[in-house]
There are 2 protein chains.
Amino acid sequence: MKSVEELTARFRAHGLRVTPQRQAVFRLLAGNDTHPTVEAIHAGVRAEMPTVSLRTVYQTVHDLARLGEVHVLDVGTGQVRVDPNVEEAHHHLVCTRCGRMDDVAVEAPAPPATPGFRAERVEVIVRGTCAACEAAAGGPHRAPGGATVRRTEHETAHETAHETQEATCRS
Amino acid sequence: MKSVEELTARFRAHGLRVTPQRQAVFRLLAGNDTHPTVEAIHAGVRAEMPTVSLRTVYQTVHDLARLGEVHVLDVGTGQVRVDPNVEEAHHHLVCTRCGRMDDVAVEAPAPPATPGFRAERVEVIVRGTCAACEAAAGGPHRAPGGATVRRTEHETAHETAHETQEATCRS
DNA sequence: TTGTTCCTGACAACTATTGCTGATAAAGTG
DNA sequence: CACTTTATCAGCAATAGTTGTCAGGAACAA
Ligand SMILES: [Mn+2]
Ligand SMILES: [Mn+2]
Ligand SMILES: [Zn+2]
Ligand SMILES: [Zn+2]
């Protein structure tokens, strides 16, 4: 992602106004490689500016995405993730337990020649279990400040001996 | 996916009861390669049994998933998709406009050796535009019975000359 | 048949995200 | 700096997809 100054200039050049709230979002994202959720960004921004609303963070993230300064990713963990690294092509590891997302260098296969479909980009998601969740595999736990991946269902009693664990290890 | 008879036996073997509603879902999924949404399954089932509730369809789909008879996929189109093809490994084309999802044969890259992460499976998503949406690219339209991909945001006036189109071509 | 367990259907609740709106603040102009 | 013109802010309401709850009713086993 570009620097806060560059983003400020770019926003103005596009007729967008630059407010302290937006700059706080810029600062939080610059050099952030944790793929934070919007909620996480909001929490971080509120540490400095306690009145900023979640709505404002969503707006700013969308504006950044429109300018191509971040990617908004939905990998099926229930919340979108913001990726400020748009310069270098890369893919992701996704922890199926806590939703944690890390960059990974794998070469994507070439988009296949498919009649009736114009391929634009190829996304690779490596799903698995992160170290923190692996360590906590014994039973559910909850890291401080972490949110929990949506992983529920009524399913009264039978519970056919499949995953039931739940853990969180978001940084 | 297995046949309706096999699924019936398998459900019973696992202590799950087999009702007309569940069999209607089985029937709708057997040999279905459209990756229907739960809502679409519901609509299809209601054509024969108008009283079946959406909740029941969700339950049945989840039970099928737990037995490994279907895969429930979330590719970020706002609704989960049900894939009855669990026998052969494959990946997907996803239309960014209408959410349509088709099978594609691409070889996934080998899961990289990443310390601190136990990779379990690699998912490849080829995003692009399907033929129907390509044809309708001139302006928004709405196919009969189709649902629309969530693609909105207030964003008052400025509209920085980016995508605004919206189209639907779900079968 | 009878009892037990599970499923159904209707509706409420929940979560992530977006819509709405008066008040406010950023740019632009002199 | 004073002033005008917009775009943004914060808060709250609304929405969509999915899941929780629970009182009947149906399916299976004996
Ligand atoms: Mn990344
Ligand atoms: Mn498929
Ligand atoms: Zn994890
Ligand atoms: Zn399409």
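Quick note on labels: first sequence line is chain A, next is B, and so on, each numbered from 1.
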**Student:** C:dA27 C1' sits how many Å from A:Q23 CD, rounded?
**Tutor:** 14 Å
**Student:** Any salt bridge linking A:E48 with A:R27? Criterion: basic side-chain nitrogen under 4.0 Å from a carboxylate oxygen.
**Tutor:** yes
**Student:** Between A:R17 and D:dT6, is there a side-chain N or O to OP1/OP2 distance below 4.0 Å?
**Tutor:** no
**Student:** Of B:V18 and B:V80, whose closest DNA chain D nucleotide lies nearer the 5' terminus?
**Tutor:** B:V80
**Student:** Can you check the A:R81 CZ to C:dA16 P distance for me, whole Å?
**Tutor:** 12 Å
**Student:** On the side chain of B:R55, is there an atom forming a donor-acceptor pair with the base of D:dT18 - under 3.5 Å, no angle test?
**Tutor:** no
**Student:** Rounded at 0.5 Å granularity, tell me how far NE2 in A:H35 sits from CG in A:L93.
**Tutor:** 9.5 Å
**Student:** Would you say B:Y58 places a side-chain N or O within less than 4.0 Å of OP1 or OP2 belonging to D:dT18?
**Tutor:** yes
**Student:** OP1, OP2 of C:dA10 versus side-chain N and O of B:S53: anything below 4.0 Å?
**Tutor:** no
**Student:** Would you indicate what B:V52 reaches in the nucleic acid, counting non-hydrogen atoms under 4.0 angstrom: base, sugar-phosphate, or nothing?
**Tutor:** sugar-phosphate
**Student:** Is it the case that one hydrophobic cluster holds both A:V45 and A:V72, taking links as side-chain heavy atoms less than 4.5 Å apart, direct or via other members?
**Tutor:** yes
**Student:** Mind checking A:P20 for me? I need base, sugar-phosphate or nothing, with any heavy atom below 4.0 Å counting as a touch.
**Tutor:** sugar-phosphate
**Student:** With distance as the sole test, does B:T60 use its side chain to make a donor-acceptor pair with the main-chain N or O of B:T56 at under 3.5 Å?
**Tutor:** yes
**Student:** Given atom NE2 of A:H42 and atom C1' of D:dA10, what is their separation to the nearest angstrom?
**Tutor:** 10 Å
**Student:** In whole angstrom, give the distance that lies between atom CG of A:D74 and atom C1' of D:dA16.
**Tutor:** 14 Å
**Student:** Counting only side-chain nitrogens and oxygens, does A:H62 get under 4.0 Å of the OP1 or OP2 atom of C:dT18?
**Tutor:** yes
**Student:** If you measure from CZ on A:F117 to CG on B:D102, what distance do you get to the nearest 0.5 Å?
**Tutor:** 7.5 Å
**Student:** When you check the phosphate oxygens OP1 and OP2 of D:dA10, does a side-chain N or O of A:T51 lie under 4.0 Å from one of them?
**Tutor:** yes
**Student:** Quick one: B:Q59 CD to C:dC11 P, roughly how many Å, whole number?
**Tutor:** 17 Å
**Student:** Taking atom C1' of D:dG17 as reference, at what distance in whole Å does atom CD of A:Q79 sit?
**Tutor:** 15 Å
**Student:** Can you measure A:R12 atom CZ to D:dT6 atom C1' for me and round it to whole angstrom units?
**Tutor:** 15 Å
**Student:** Strictly below 4.0 Å: does A:T56 bring a side-chain N or O up to OP1 or OP2 of D:dT8?
**Tutor:** no
**Student:** Tell me the interatomic distance from B:D63, atom CG, to C:dC6, atom C1', rounded to whole angstroms.
**Tutor:** 11 Å
**Student:** Strictly below 4.0 Å: does A:R22 bring a side-chain N or O up to OP1 or OP2 of D:dC9?
**Tutor:** yes
**Student:** Take B:T8 and B:L54, find for each the nucleotide of DNA chain D with the closest heavy atom, and name the residue whose nucleotide sits nearer the 5' end.
**Tutor:** B:L54
**Student:** Give a yes/no answer on whether the side chain of A:Q21 brings an N or O atom under 4.0 Å of OP1 or OP2 in D:dA10.
**Tutor:** yes
